[in-house]
Amino acid sequence: MRLLAACVILCATAVPAFAQPFANAKTSLANYTAADTAPKKSCESLASFKGEGIVSINARVVAATTDTPQHCRVTGTITPEVAFEVSLPDRWNRRFYMTGNGGLAGDALDGPTSADRTSGLSNGFVHARTNTGHDARKEPSGSFILSNPQKAIDYAYRAVHVTADTAKKVANEYYAQPIQFSYWNSCSNGGRQGLLEAQRYPDDFDGIVAIAPWVDQTGFTVGAMWNQKAMTEAPVSPAKMVLVGQKVMDKCDAVDGLKDGLIDDPRACRFDATRDVPACSASAGVDSPDCLTPAQAATVNKIHSGPTSKGKSLNLGFMPGSEAVTTAPNGATNSGWVGAIVPAQPGATPADFNLAQGVMRYLVLDPPQPEYDFMKFDYDRDTALVERWSKLADAKQADLSAFRKSGGKVIMTYGWADQILQPMMGVAYYEEVEKRNRDARDFARLFMMPGVAHCGGGVGPDRNDAVTAVIDWVEKGKAPDTLIASKVTNGQVVRTRPLCAYPQVATYKGQGSIDEAANFVCRAPSR
């Protein structure tokens, strides 16, 4: 049941919530319950299913395709406007699989074929998803709160729970068999949703894979406004960001003892743009792509360090390496920050700030202020503004004792080079889980991914199979110490590396190819 990392596409309106879809099901499902449970009712009969809060429901048979088996697709709405979809295969493996949403959600469930649905069904899972209670085509960004305040609660946490509950009951009705195991797998906002399920509804899922989870939505929002303010005051061009990315790699690559184009743990590198990037000449008017002015260097340092309030750090910024230079198929090079933190062209709105502005204007501020000017945010005075929304939407509750008691297991992964969400929000959360829960590794593990960007991509090996790992953990008691990650270029695997259970890191044995996982071992960090 190997998984393939999904391609990540940054857009101006949302952060994607890609799951890592199933592949090669026929060779690996032999290790699990056979997908042989057949429906006991007709698909059409589910159109009369009655469930709490359901205001509309439809059911139809969907013919098999080359990728997906024949299945029954049930769609409907739970009050007030929580749209849901449940897809039930003709041969079921007794498992439930749900995936989440990116950014501020509002997904069009009637849109293009869902890769998450396809991969779940092809492996014999019942698959479910929701739009979280609003349609982003009609109510973009956070504007959905203007029509009904309940939609904010639905987006924050309720919609996933009521959809999971309804979908399970629909499956039980269809197959006349209970679900044996339930799994969640999603990235970014979808990772936040998964962690909130463990925190608020610990019985909903047996296994949760939270990829680059948006643990601290309000902290991200404050940080993105901080970055945008720095970029507004002293812009750094895409060309200069390529220079910065190259200088970061020059400074940090070999800190871990191996020069391999990856920064294993960016916290071990002390990069300073003022010192480590060539400074532009003090001559009047001199500003070229091969240097930074003092103000531009200060901007880069502010983004790396993150926002401060009354002289204290609010949250850590983006890690050295997140601005790494990548090469597109056409040979063009660019920095990871371009499009996410740095405008791709003058006047453009970076994805991080666009998302943060929607959160701030509509969800943080009460009442909403659609015209709020982020430049007015005072970091010494206004940080308390986020507290109300934080209690609803942030996935920072570290006491997971109820989830543990229910038998739940959670795997988090995070790219050290994430350019959308600060990876330290994942590290800090996991470390708090370890503090608050005795022997936390018995049910929760974190795997950091060197060189990997948001939900995938970047320069590091970004494809791994965390879902099979969590299934093995839940159903066989086999806790994962490593995940094998691969980097694929032009359809070919060009590098594999072990991802180590935090805080361990992959260490080169000293012999053999640095592109083969077998030549690395997981060890405690030397820093």
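Keep in mind that the numbers below use all heavy atoms, side chains included, and drop hydrogens, waters and symmetry copies. Remember, it's a predicted structure, so these values are computed and weren't measured experimentally.
Remark: side-chain polar atoms of Ser390 are not paired, donor with acceptor, to backbone N or O of Val386 under 3.5 angstrom. At distances below 3.5 Å, not a single donor-acceptor pair connects side-chain atoms of Arg73 with backbone N or O atoms of Asn58. Looking only at distances, no side-chain donor or acceptor of Arg158 sits under 3.5 Å from a matching main-chain atom of Ala152. Between the side chain of Glu431 and the backbone N or O of Tyr429 there is no donor-acceptor pair closer than 3.5 Å. Checked by atom type and distance alone, the side chain of Lys240 pairs as donor or acceptor with a backbone atom of Ser288 at under 3.5 Å. Under a 3.5 Å cut-off, the side chain of Arg361 and the backbone N or O of Tyr372 do form a donor-acceptor pair. Not a single donor-acceptor pair under 3.5 Å links the side chain of Ser188 to the backbone N or O of Gly190. In terms of modelled atom types and a separation under 3.5 Å, the side chain of His134 and the main chain of Asp154 share no donor-acceptor contact. Side-chain atoms of Asp380 come within 3.5 Å of backbone N or O of Lys310 as a donor-acceptor pair. Here the side chain of Asp462 pairs no donor or acceptor atom with the backbone of Val452 at under 3.5 angstrom.
With sequence neighbours excluded, the residues satisfying side-chain contact (heavy atoms from CB on, under 4.5 Å) with Thr308 are Trp226. For Asp418, the salt bridge (Lys or Arg N to Asp or Glu O under 4.0 Å) criterion is met by no residue, not counting sequence neighbours. By the side-chain contact (heavy atoms from CB on, under 4.5 Å) test, Asp382 is found to be paired with Phe377, Asp378, Leu385, residues two or more places apart in sequence or in another chain being considered. Here His161 pairs with Tyr201 under the ring pair (Phe, Tyr, Trp, His ring centres under 6.0 Å) rule; sequence neighbours left out. Applying the side-chain contact (heavy atoms from CB on, under 4.5 Å) criterion to Asn315, with sequence neighbours excluded, gives Pro307, Gln422.
Shortest non-hydrogen contact noted between Ala340 and Pro350 is O-CB, 3.2 Å. Contact between Pro238 and Asn334 at its shortest, heavy atoms only, is CB-OD1, 4.3 Å. Closest non-hydrogen pair, Ala506 versus Cys500, comes out as N-SG, 3.4 Å. Leu483 approaches Ala469 most closely through the heavy-atom pair CD2-CB, 3.6 Å. For Thr79 against Val82, the heavy-atom pair with the smallest separation is O-CG2, 4.4 Å. Contact detail for Arg495 and Asp260: the closest heavy-atom pair is NH1-O, 2.9 Å.
To the nearest 0.5 Å, the span separating CG on Leu262 from CE on Met249 amounts to 7.0 Å. Rounded to the nearest 0.5 Å, atoms CD (Glu323) and CZ (Phe318) are 11.0 Å apart. For the atom pair Asp290 CG and Cys280 SG, the distance stands at 7.0 Å (nearest 0.5 Å). Atoms NZ and CZ, on Lys251 and Arg275 in that order, are 4.0 Å from each other to the nearest 0.5 Å. To the nearest 0.5 angstrom, Ile153 atom CD1 is 12.0 Å from Thr132 atom OG1. Expressed to the nearest 0.5 Å, how far CD of Gln296 lies from CD of Glu233 amounts to 13.0 Å.
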Derivation of the side-chain contact (heavy atoms from CB on, under 4.5 Å) call for Tyr183 and Val467: CA-CA 8 Å; Tyr183 296 100; Val467 171; 5.7 Å; no
Criterion side chain to side chain donor-acceptor pair (under 3.5 Å) on Thr293 and Asp287, from CA distance to verdict: CA-CA 7 Å; Thr293 67; Asp287 184 5; 5.7 Å; no
Residues Val493, Lys487; criterion side-chain contact (heavy atoms from CB on, under 4.5 Å); working and verdict: CA-CA 6 Å; Val493 175; Lys487 182 67 178 176; over 6 Å; no
Verdict with supporting geometry, Val300 and Val277, side-chain contact (heavy atoms from CB on, under 4.5 Å): CA-CA 10 Å; Val300 173; Val277 180; over 6 Å; no
Steps toward side chain to side chain donor-acceptor pair (under 3.5 Å) verdict (Asn301, Thr299): CA-CA 5 Å; Asn301 285 343; Thr299 289; over 6 Å; no
Verdict with supporting geometry, Arg200 and Gln397, side-chain contact (heavy atoms from CB on, under 4.5 Å): CA-CA 9 Å; Arg200 289 180 174 268; Gln397 172 55 255; over 6 Å; no
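Residues Leu104 and Leu355 are in side-chain contact: their nearest non-hydrogen atoms beyond the backbone lie under 4.5 Å apart. Using a 4.5 Å cut-off on side-chain heavy atoms (C-beta onward), Val470 and Phe205 make no contact. When side chains are defined from C-beta on, Met98 does not count as touching Asp204, because their heavy atoms never get closer than 4.5 Å. Side-chain contact between Phe220 and Val359 is absent, with no heavy atoms from C-beta onward closer than 4.5 Å. Side-chain atoms of Leu499 and Asn464, non-hydrogen and from C-beta on, do get closer than 4.5 Å to each other. Proximity of Gln199 to Leu400: side-chain heavy atoms (C-beta onward) are separated by under 4.5 Å at one or more points. Contact annotation: the side chain of Lys229 never approaches that of Phe353 to less than 4.5 Å [non-hydrogen atoms, C-beta and beyond]. The shortest distance between side-chain heavy atoms of Asn185 and Tyr97 falls below 4.5 Å.
Residue pairs satisfying the salt bridge (charged side-chain N to carboxylate O under 4.0 Å, His left out) criterion with at least one member in residues 74-86, sequence neighbours excluded, are listed as follows: Glu81-Lys151, Glu85-Arg117, Glu85-Arg129.
Between Trp389 and Tyr155, the angle of the ring planes stays under 30°, which puts this pair in the parallel group of the 30/60° scheme.
A 6.0 Å sphere centred on NZ of Lys247 holds no more than 12 heavy atoms belonging to other residues, nucleotides or ligands.
Side-chain atoms of Glu139 and Ser147 include a donor-acceptor pair closer than 3.5 Å. Remark: the Asn101 side chain and the Asn131 side chain contain no N/O donor-acceptor pair separated by less than 3.5 Å. With no hydrogens or angles considered, no side-chain donor-acceptor pair links Thr349 and Asn354 at under 3.5 Å. Counting only N and O atoms by type, the side chains of Thr118 and Asp116 include no donor and acceptor under 3.5 Å apart.
Not less than 6.0 angstrom separates the ring centroid of Tyr430 from the ring centroid of Tyr414.
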